[in-house]
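Please read the structure below before turning to the comments.
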Amino acid sequence: MNKIIYLDNAATTKVAPEVVEAMVPYFSENYGNPSSIYELAGASKEAVSRSRETIAKILGAEAKEIYFTGCGTEADNWAIVGAFEAYKDKGSHIITTKIEHHAVLNTCEYLEKMRKAKVTYLDVDENGLVRPEEVEKAITPETILISVMYANNEIGTIQPIKEIGQIARKHGILFHTDAVQAFGQLPIQVDDDCIDMLSSSAHKINGPKGMGFLYIRKGVKIRSFIHGGAQERKRRAGTENVAGIVGYACAAKRAVDSMEERTKRERNLRNYLVNRIMNEIPYVRLNGDPEKRLPNNVNVSLQFIEGESLLIMLDMEGICVSSGSACTSGSLDPSHVLLAIGLPHEIAHGSLRMTLGEDTTKEELDYVVEKLKGIVEHLRAMSPLYEDFVKNGKK
Amino acid sequence: MYSEKVMDHFQNPRNVGEIEDASGVGTVGNAKCGDIMRIYLDIDENQVIHDCKFKTFGCGAAVATSSMATELVKGKTIQEAMEVTNKAVMDALDGLPPVKVHCSLLAEEAIHAALWDYAEKNHIQIEGLEKPKTDIHEGEEEQEEEY
Ligand SMILES: Cc1ncc(COP(=O)(O)O)c(C=O)c1O
């Protein structure tokens with residue numbers, strides 16, 4: 001098989017052909033700057049406002065509550081820094097979790113180091129779930145922001161967002177959620193979940209890279225983050241990425257229209273893959289919640305094996321996946337998410353994340369399982385940890 | 001990311017395995033940072049390394065450096081093996097990405113640890129050999145963060 005099997009859709013996705021098609025005219029024909037007044041620019045302006053409406057509708061929000069950004073990371077940065085700056089007279093305490101994406105974690109760390117913010121990083125349980133009662137317990141009179149991700153990018157765990165949102169609302173505290181992995185995969189209604197701010201990113205849903213948005217509830221006054229022109233209702237300056245915005249809306253609509261059928265199909269395939277791995281490969285554990293999990297996420301730890309070796313060997317078979325091992329994270333520590341759910345280092349190093357996409361087939365998964373079995377055997381035969389395990393009578 | 005030689009040694013590692021009743025065995029690294037290397041040496045009465053095997057838990061570079069290190073010490077005398085430094089292993093592999101240099105240090109340490117074990121068992125001293133560090137990341141400095 002020379003074909004590529006792409007099982008890394010949580011990292012990014014292929015831009016759908018109809019998304020590309022929708023974008024193209026805004027590079028070539030309708031290239032006007034939406035802020036200009038001549039007719040040529042009208043088409044761009046029109047396209048931006050139509051796209052904003054499409055996205056707002058999906059979330060049950062108003063168009064003017066959607067602010068386009070340069071990526072999901074920017075949306076997270078803006079929500080957190082912007083809220084901190086706007087409310088620092090009221091207090092400087094932020095509540096978040098240990099399993100957030102670095103876009104949130106490193107922003108909080110920045111505020112701690114440079115702006116004397118106080119940040120509580122909540123623990124999660126062994127499945128990666130945040131306990132709403134712990135969110136409530138962490139609230140102090142100084143708390144100005146609660147930020148909890150909708151669904152985790154590594155282990156796929158879906159958080160009790162509605163309960164957390166209600167707690168935040170009850171205490172009059174702003175609630176932000178990083179929904180980069182959830183938007184387009186789960187039905188989200190900002191009012192139902194009491195969400196004040198929500199971050200999303202286009203490239204996770206078959207849209208273009210370098211395109212995000214932040215939903216900001218009407219009346220929430222956060223500070224601007226990118227200063228300049230009057231774009232995005234003077235709150236996020238910079239000439240709009242018109243083609244990107246059009247592509248985003250097209251991808252979002254597409255994801256929502258196909259959501260029910262697509263996620264059902266992916267969930268079935270996902271369960272099939274998990275079952276085959278758990279039944280056919282010894283010494284494996286499934287990371288993350290078995291039920292409350294993104295429909296396309298598989299995350300397993302293959303004991304006695306290090307993730308990078310596994311990734312390279314799978315890559316040689318044309319299989320693209322990811323791992324939470326240190327070697328793939330660019331530091332000496334394995335994934336903070338896997339450590340937060342209580343995995344020992346050596347098991348965290350042997351994690352394998354496979355995230356299915358709309359094009360994934362059962363045949364591909366069968367091929368992956370067969371290859372994986374051989375590779376695991378090969379790497380275990382080479383592993384001193386496995387040798388010790390066998391010599392100690394497999395205890 | 002890796003040179004062709006590294007990929008070759010990763011894909012077809014030489015000398016994987018164990019040696020029963022080895023003259024010396026050394027294990028270095030730890031699971032915390034994600035690599036553990038174990039080297040077995042079979043050393044004859046003339047202090048020549050007859051055979052050498054390894055087992056490694058680690059990334060592609062860790063496997064490749066172990067494999068190359070075993071190749072480099074096989075057939076050598078103990079003194080010659082002492083000259084197989086991490087740089088020698090790296091050069092033989094046509095280099096490693098900067099973040100993986102520590103893997104080659106691990107390979108050097110693993111050989112030294114196995115030699116140390118041999119020396120202790122036989123109550124001899126090997127010139128230039130120091131007690132191996134158990135944790136190769138000891139003393140390594142944390143990267144400075146920037147804002
Ligand atoms: C949960 C989560 N938050 C934020 C991001 C960052 O999004 P972007 O790549 O658009 O900056 C990602 C994607 O990598 C993510 O998975």
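Chain letters run A, B, ... following the sequence lines, proteins first and then strands; every chain starts at 1.
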Which heavy atom in [X] sits nearest to a heavy atom in [Y], and how many Å separate them?
| X | Y | result |
| --- | --- | --- |
| B/G60 | A/S309 | N-OG, 3.8 Å |
| B/C59 | A/E308 | CB-OE1, 3.2 Å |
| A/M382 | B/P13 | CE-CG, 3.6 Å |
| B/I36 | A/P384 | O-CG, 3.7 Å |
| B/F57 | A/F304 | CD1-O, 3.3 Å |

Largest heavy-atom contact set with chain B, pairs under 4.5 Å, which of A/R380, A/M313, A/E346 = A/E346
Heavy-atom distances under 4.5 Å only: say whether [X] touches chain B with side chain, backbone, both or neither.
| X | answer |
| --- | --- |
| A/A381 | backbone |
| A/L310 | neither |
| A/M316 | side chain |

Take atom [atom1] of [X] as the centre, draw a 6.0 Å sphere, and report whether it contains more than 12 heavy atoms from other residues, nucleotides or ligands.
| X | atom1 | value |
| --- | --- | --- |
| A/K14 | NZ | no |
| A/K116 | NZ | no |
| B/K121 | NZ | yes |
| B/Q11 | CD | yes |

task = Starting at CG of B/D35, measure out to NE2 of A/H349 and round the result to the nearest 0.5 Å.
result = 7.5 Å
request  = Mind checking the OG1-CD spacing from B/T56 to A/E306? Nearest 0.5 Å is all I need.
outcome  = 11.0 Å
query = Under the side-chain contact (heavy atoms from CB on, under 4.5 Å) criterion, do A/I312 and B/M7 qualify, and how do the steps go?
reply = CA-CA 9 Å; A/I312 301 175; B/M7 285 307 285; 3.6 Å; yes
ask   = So, do B/K55 and A/Y386 sit near enough that their side-chain heavy atoms are less than 4.5 Å apart?
value = no
key: Basic-acidic side-chain contact under 4.0 Å: B/R38, A/D388   = yes
